[in-house]
Amino acid sequence: MSDDADLIGLDELPDDARAVVDAAERAVSAVRDRAAREAAEIRAAADRECDAVRVRAEAELAAVQQTATRELAPLVRGLLDRLRELQQRYTREGLLDEALAIRARVRQIRGDLLGVRPDPGTLAEFSTTDIGRTVLFDVVGRADGSAWGTDVYTADSRLASAAVHTGVVREGERGLVRVVILDGAEQMFTGSERNGVATFDYGNYPVAYRIEKV
């Protein structure tokens with residue numbers, strides 16, 4: 001008979017030895033299971049803490065951006081009003097090239113100093129990585145576009161129509177709006193009729209937005 005223990009199968013062990021091995025294996029399994037549970041709990045807690053930090057950071061970032069926008073708005077508005085006065089004067093004098101150059105510069109200033117973007121139609125370009133982000137858009141209100149939701153809209157909703165629906169601009173009115181990108185995964189979108197715009201119901205949608213008047 002061989003003395004090499006590795007060559008002895010478990011089935012060849014006597015009952016008392018088998019009981020010792022089984023008890024040891026159960027003890028090892030219990031330790032490993034407990035360690036796996038504790039590791040999973042640590043990961044889950046860390047994920048919750050990261051989510052909480054991200055939410056706080058996004059809220060603080062949005063507050064900073066809003067404060068900066070409020071401070072910049074009167075300065076930029078004064079500059080733009082003066083430039084528009086000059087544009088109108090050049091237009092009255094028939095100096096159209098100069099008037100057009102001023103108009104182009106006005107649009108550039110709005111974009112450069114306030115970060116104002118032209119109406120993109122919908123916000124489908126934004127993804128879940130943009131959640132919490134605040135963006136300024138120059139829109140002209142419309143009543144004929146499709147939108148889903150009330151106050152909070154799916155990202156593929158027509159921005160100009162949602163802006164009229166939520167009441168920040170009127171149909172045909174041009175205005176500056178602030179859009180906050182939101183998580184729509186847990187959101188149920190309920191349509192309604194407001195300000196001449198009818199929106200529709202929809203289920204969960206990955207990205208949503210809220211509109212605020214600047």
Side-chain angles (χ1 to χ4, degrees), residues 58-59 61-62 65-66 68-70 72-74 76-77 79-81 83-85 87-88 91 96 99-214:
E58 288 171 352
L61 175 60
Q65 291 175 334
Q66 291 175 8
T69 300
R70 285 195 296 269
L72 284 173
V76 176
R77 189 177 299 115
L79 171 60
L80 298 182
D81 288 345
L83 287 175
R84 290 193 183 100
E85 291 174 2
Q87 178 186 348
Q88 293 170 1
T91 300
L96 299 183
L100 289 174
I102 293 175
R103 186 178 69 175
R105 183 57 175 164
V106 165
R107 291 177 177 174
Q108 181 183 356
I109 288 172
R110 284 168 64 87
D112 291 348
L113 297 187
L114 289 180
V116 178
R117 298 174 55 176
D119 183 354
T122 73
L123 273 65
E125 65 183 270
F126 293 91
S127 68
T128 53
T129 60
D130 297 304
I131 291 172
R133 183 178 172 188
T134 301
V135 190
L136 296 176
F137 291 104
D138 184 2
V139 303
V140 177
R142 293 177 53 178
D144 59 345
S146 297
W148 293 265
T150 297
D151 295 327
V152 175
Y153 306 90
T154 62
D156 61 342
S157 297
R158 176 72 62 178
L159 175 60
S161 300
V164 174
H165 184 262
T166 204
V168 295
V169 295
R170 295 185 297 273
E171 182 180 4
E173 178 187 14
R174 185 172 190 170
L176 194 62
V177 301
R178 179 187 296 110
V179 170
V180 182
I181 309 300
L182 304 172
D183 184 355
E186 302 297 328
Q187 183 81 237
M188 294 299 292
F189 299 90
T190 303
S192 63
E193 187 169 353
R194 285 182 181 173
N195 306 314
V197 176
T199 60
F200 308 98
D201 297 342
Y202 200 79
N204 304 124
Y205 199 85
V207 181
Y209 64 86
R210 181 178 69 248
I211 308 173
E212 303 170 351
K213 191 174 183 64
V214 176

Name all residues meeting the side chain to side chain donor-acceptor pair (under 3.5 Å) criterion together with [X]; count only those two or more places apart in sequence or in a different chain, and write none if there are none.
X	answer
Thr122	none
Asn195	none
Ser127	Thr129

Taking all non-hydrogen atoms of both residues, which atom of [X] and which atom of [Y] are closest, and how far apart?
X	Y	answer
Asp119	Ala160	OD2-CB, 3.7 Å
Gly196	Ala143	O-CB, 4.0 Å
Thr150	Thr190	OG1-O, 2.7 Å
Pro120	Leu159	CD-CD2, 3.9 Å

What residues form a salt bridge (charged side-chain N to carboxylate O under 4.0 Å, His left out) with [X], not counting sequence neighbours?
X	answer
Glu85	Arg82
Arg194	Asp151
Asp156	none

Original post:
What's the verdict on side-chain contact (heavy atoms from CB on, under 4.5 Å) for Ser161 and Arg142, showing C-alpha distance, side-chain angles and the deciding distance?
Top reply: CA-CA 5 Å; Ser161 300; Arg142 293 177 53 178; 4.1 Å; yes

Original post:
Tell me the ring pair (Phe, Tyr, Trp, His ring centres under 6.0 Å) pairs involving residues 159-179, sequence neighbours left out?
Top reply: Tyr153-His165

Original post:
Taking only residues at least two apart or on different chains, which pairs with a member in residues 175-185 satisfy salt bridge (charged side-chain N to carboxylate O under 4.0 Å, His left out)?
Top reply: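 As it turns out, the salt bridge (charged side-chain N to carboxylate O under 4.0 Å, His left out) pairs with a partner in residues 175-185, which skip direct neighbours, are Arg178-Glu212.
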
Original post:
Does any pair with a residue in residues 120-133 pass salt bridge (charged side-chain N to carboxylate O under 4.0 Å, His left out), and if so which ones, sequence neighbours excluded?
Top reply: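 Of all non-adjacent pairs touching residues 120-133, those that pass salt bridge (charged side-chain N to carboxylate O under 4.0 Å, His left out) are Arg117-Glu125, Asp130-Arg133.
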
Subject >> Donor-acceptor under 3.5 Å (Thr199 side chain, Gly149 main chain) >> reply: yes

Subject >> All side chain to side chain contact (heavy atoms under 4.5 Å, CB included) counterparts of Ala101, not counting sequence neighbours >> reply: none

All N/O donor-acceptor pairs, side-chain side in residues 200-208, below 3.5 Å, sequence neighbours left out:
residue, atom, partner, partner atom, Å
Asp201, OD1, Gly191, N, 2.5
Asn204, ND2, Ala185, O, 3.0
Asn204, ND2, Gln187, O, 3.1

**OP:** For Tyr209 and Val135, run side-chain contact (heavy atoms from CB on, under 4.5 Å): C-alpha distance rounded to whole Å, both residues' side-chain angles, the deciding distance at 0.1 Å, then the answer.
**Re:** CA-CA 10 Å; Tyr209 64 86; Val135 190; over 6 Å; no

**OP:** Drop me the distance from Leu123's CG to Ile181's CD1, to the nearest 0.5 angstrom.
**Re:** 5.0 Å

